[in-house]
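To start, the structure itself, in structure tokens.
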Amino acid sequence: MKQDAEYYQRDPNIHPVACTPSYKSSITRSPRFSLISLENSISEITGPVFSHSDIDPGDNDLLTNFAQSNESPIGQRIILHGHVLDENSRTIPNTLIEIWQANACGRYRHKNDTYLAPIDPNFGGCGRALTDGDGYFYFRTVMPGAYPWQNYVNSWRPAHIHVSVFGASFVQRLITQCYFEGDPLIPICPIVQTIPNPNAIEQLTARLDLNATIPFDAIAYKFDIILRGRRSTLFENRF
Amino acid sequence: MPQHLSYLKETTSQTAGPYVHIGLAPKAAGFEIYQKELGENIAGSKAEGEQIRVEGYIIDGTGTTLKDALIEVWQANAEGIYAHSEGGGEVEDGFRGWGRVITNFKTGKWGFNTIKPGSTLARNSGMQAPHINLWLVARGINIGLNTRIYFDDEVRANSIDPVLNLIEWENRRHTLMAKRSTDNDIPIYRFDIRLQGKDETVFFDV
Ligand SMILES: [Fe+3]
């Protein structure tokens with residue numbers, strides 16, 4: 001009988017190492033010793049389960065989830081959509097995705113953000129959704145602005161949306177950032193450049209998707225998310 | 001013709017950045033948006049077992065506490081069952097065993113209330129000592145860090161725990177031990193996380 005077993009190990013060639021000096025704040029916050037590799041136990045193959053009772057249907061619409069009625073945030077209206085799959089190309093249904101981002105000016109609604117660009121009274125900047133039975137998700141939002149940050153005196157982040165996803169187990173837990181095709185800031189961003197592999201950066205770059213655009217309303221970008229795949233074994237599962 | 005392997009590649013991790021709270025804990029960021037924020041109650045109101053509190057600081061390589069970090073916790077119930085289809089059985093109503101904890105923006109202190117987990121099944125045979133799984137993200141952390149909280153009063157269970165025993169450097173194992181004190185209403189376990197430097201916490205590639 002074929003059964004699910006361990007998850008594939010993370011590939012160190014596609015993830016950033018812990019200490020990446022051009023992203024300065026990683027220097028003092030990165031462990032110096034190597035991680036200790038664990039084979040999966042019950043503590044790793046399990047993880048929190050979410051359902052529609054945890055979220056509200058409108059939580060994935062950043063154009064309306066914080067706006068006054070009959071108002072909407074300033075900025076280019078976009079749809080961000082895609083599938084969550086694992087490395088075996090299996091879709092991951094019912095998994096929680098949370099996103100957060102700056103507004104169209106590049107300002108975050110956060111106590112600690114002091115950038116001089118204005119807060120948008122109709123934009124919160126966060127959303128969440130469960131993937132459907134096919135692993136599909138979508139958000140409506142505005143294109144985030146680029147913003148300056150403390151690294152070098154002239155460091156600007158490319159437009160990006162932060163993305164958090166759970167998967168079916170705690171070892172699939174992932175936070176990443178979604179960039180947008182054609183942005184000239186991507187190749188010069190110290191945070192993007194923590195990634196050692198150009199294909200991996202490509203995979204974080206959402207593609208313009210005219211087929212999913214809503215004419216006269218919102219332009220679409222496609223962003224698929226791949227989580228760790230799972231080995232199957234022909235032998236008895238012995239966790 | 002040779003076979004091609006057509007596995008997809010995992011999406012790469014990027015730092016959660018300084019404003020992770022907007023997405024995962026918006027009230028802390030300073031605004032109300034959702035009916036229900038996730039991860040506030042780890043064990044639920046019907047959980048059986050000993051009520052405990054865990055608290056500590058996260059300390060960087062200069063000795064400074066992190067004030068912008070977020071931790072997720074994942075634990076079994078008092079019977080050692082995880083709330084998941086492969087968790088080993090059924091848990092009590094309302095028990096999720098998952099939560100979110102953020103460091104105080106001014107002091108860096110973090111803490112959460114839960115129930116003490118039971119021993120869980122080990123990979124092959126035997127048991128793992130009671131532990132809470134942690135996943136830590138923040139600005140400057142490129143990929144979430146996994147570690148485990150063990151309890152210093154579980155001396156016997158800890159001595160045969162397969163994960164603690166896997167750590168070749170015995171003098172590093174204590175970095176995973178939360179220290180119990182009982183001069184409060186409920187027992188408090190102190191657990192500091194040191195990202196580097198003396199007594200750097202053991203982190204796992206899970
Ligand atoms: Fe950002």
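Letters A, B, ... are given to chains in the order of the sequence lines, protein chains preceding strands, and every chain is numbered from 1. Both backbone and side-chain heavy atoms feed into the values below; hydrogens, waters and symmetry mates do not.
Per-residue heavy-atom pair counts under 4.5 Å with chain B were compared for Ala102(A), Ser89(A), Gly125(A), and the maximum is reached by Ser89(A). Counting heavy-atom pairs closer than 4.5 Å to chain B, the top residue among Asn112(A), Asn88(A), Asn197(A) is Asn112(A). The greatest number of non-hydrogen atom pairs below 4.5 Å with chain B, out of Gln172(A), Gln9(A), Arg173(A), is found for Arg173(A). Considering only heavy-atom pairs separated by less than 4.5 Å from chain B, the leading option among Asp54(A), Val171(A), Thr194(A) is Asp54(A). Between chain A and the options Gln35(B), Lys9(B), Glu168(B), heavy-atom pairs under 4.5 Å are most frequent for Lys9(B). Of the residues considered (Gly144(B), Ser13(B), Pro18(B)), Ser13(B) shows the highest number of contacts with chain A, using heavy-atom pairs under 4.5 Å. Chain A forms the most heavy-atom pairs under 4.5 Å with one residue out of Ala138(B), Gly23(B), Gly61(B), Gly30(B), and that residue is Gly23(B). When the candidates Phe204(B), Tyr34(B), Phe203(B) are compared by the number of heavy-atom contacts under 4.5 Å with chain A, Tyr34(B) comes out ahead. If you tally non-hydrogen atom pairs under 4.5 Å between each of Val17(A), Thr46(A), Leu35(A), Thr176(A) and chain B, the highest count goes to Thr46(A). Comparing Ala18(A), Ser43(A), Gly127(A), Pro16(A) by how many heavy-atom pairs each has under 4.5 Å with chain B, the most go to Ser43(A).
Val206(B) touches chain A through backbone and side chain together, each having a heavy atom under 4.5 Å away. Interface residue Tyr8(A): only side-chain heavy atoms are found under 4.5 Å from chain B. For a residue to count as touching a neighbouring chain, one of its non-hydrogen atoms must lie under 4.5 Å from one of that chain's; by this rule Tyr7(B) touches chain A with backbone and side chain alike. For chain B, the nearby part of Asp224(A) is the backbone; its heavy atoms alone come within less than 4.5 Å. Only the side chain of Glu44(A) comes within contact range of chain B, with at least one heavy atom under 4.5 Å from a heavy atom of that chain. Only the side chain of Asp56(A) comes within contact range of chain B, judged by heavy atoms closer than 4.5 Å. For chain B, the nearby part of Tyr23(A) is the side chain; its heavy atoms alone come within less than 4.5 Å. Ala16(B) touches chain A through backbone and side chain together, each having a heavy atom under 4.5 Å away. Only the backbone of Ala28(B) comes within less than 4.5 Å of a heavy atom of chain A; no side-chain atom from C-beta onward does. In this structure, chain B has a heavy atom under 4.5 Å from the side chain of Ser164(A), while its backbone stays farther away. Of the two parts of Glu98(A), only the side chain, counted from C-beta on, holds a non-hydrogen atom closer than 4.5 Å to a non-hydrogen atom of chain B. Contact annotation for Ile201(A): neither backbone nor side-chain heavy atoms come within less than 4.5 Å of a heavy atom of chain B. Interface remark: Leu204(A) contributes side-chain atoms only to the contact with chain B (heavy atom separation under 4.5 Å). Residue contact with chain A, scored on non-hydrogen atoms closer than 4.5 Å, involves the side chain of Ile143(B) exclusively. Looking at Leu227(A), the atoms closer than 4.5 Å to chain B (heavy atoms on both sides) all sit in the backbone: N, CA, C or O. For a residue to count as touching a neighbouring chain, one of its non-hydrogen atoms must lie under 4.5 Å from one of that chain's; by this rule His162(A) touches chain B with the side chain only. The contact between Arg96(B) and chain A is made entirely by side chain atoms (from C-beta outward), counting heavy-atom distances below 4.5 Å. Looking at Arg148(B), only its side chain comes within 4.5 Å of chain A, counting heavy atoms on both sides.
Shown here are the ring-ring contact (aromatic ring centres under 6.0 Å, His included) partners of Trp110(B), two or more places apart in sequence or in another chain: there are none.
Side chains of Tyr57(B) and Arg194(B): no donor on one and acceptor on the other come within 3.5 Å. If you check the side chains of His174(B) and Asp199(B), you find a donor sitting under 3.5 Å from an acceptor. With no hydrogens or angles considered, no side-chain donor-acceptor pair links Tyr150(B) and Gln128(B) at under 3.5 Å.
Between the side chain of Asn158(B) and the backbone N or O of Asp152(B) there is no donor-acceptor pair closer than 3.5 Å. Distance alone, capped at 3.5 Å, places no donor-acceptor pair between the Thr120(B) side chain and the Gly80(B) backbone. Judged by distance alone, with hydrogens and angles left aside, the side-chain atoms of Lys179(B) form no donor-acceptor pair with the main-chain N or O of Arg190(B) at under 3.5 Å. A donor-acceptor contact shorter than 3.5 Å is absent between the side chain of Gln75(B) and the backbone of Asn133(B). Under the 3.5 Å distance criterion, the side-chain polar atoms of Arg107(A) are matched with a main-chain donor or acceptor of Asp113(A). In terms of modelled atom types and a separation under 3.5 Å, the side chain of Arg29(A) and the main chain of Ile59(B) share no donor-acceptor contact.
Both tests hold for Lys116(B) against Phe151(B): distance to the six-membered ring centre under 6.0 Å, angle to the ring axis within 45°.
Less than 6.0 angstrom separates the ring centroid of Phe105(B) from the ring centroid of His110(A). Taking the six-membered ring wherever Trp is involved, the centroid distance between the rings of Trp74(B) and Tyr82(B) falls below 6.0 Å. Annotation: Tyr147(A) is in aromatic contact with His160(A) [ring centroid separation under 6.0 Å].
Between Glu6(A) and Arg230(A) there is no salt bridge, since no side-chain N of the basic residue sits under 4.0 Å from a carboxylate O of the acidic one. Salt bridge status for Arg228(A) with Glu10(B): absent, with no side-chain N to carboxylate O gap under 4.0 Å.
Within residues 57-66 of chain A, the residues approaching chain B closer than 4.5 Å by heavy atoms are, in numerical order, Asp59(A), Asn65(A), Phe66(A).
The CD1 atom of Ile141(B) sits 10.0 Å away from atom CH2 of Trp135(B), with the distance rounded to the nearest 0.5 Å. Arg53(B) CZ to Arg180(B) CZ: the interatomic distance, rounded to the nearest 0.5 Å, is 15.0 Å. Atom-to-atom distance recorded for Ser119(B):OG and Glu154(B):CD is 6.5 Å, nearest 0.5 angstrom.
Counting non-hydrogen atoms of neighbouring residues, nucleotides and ligands closer than 6.0 angstrom, the CG atom of Asp93(B) reaches no more than 12 such neighbours.
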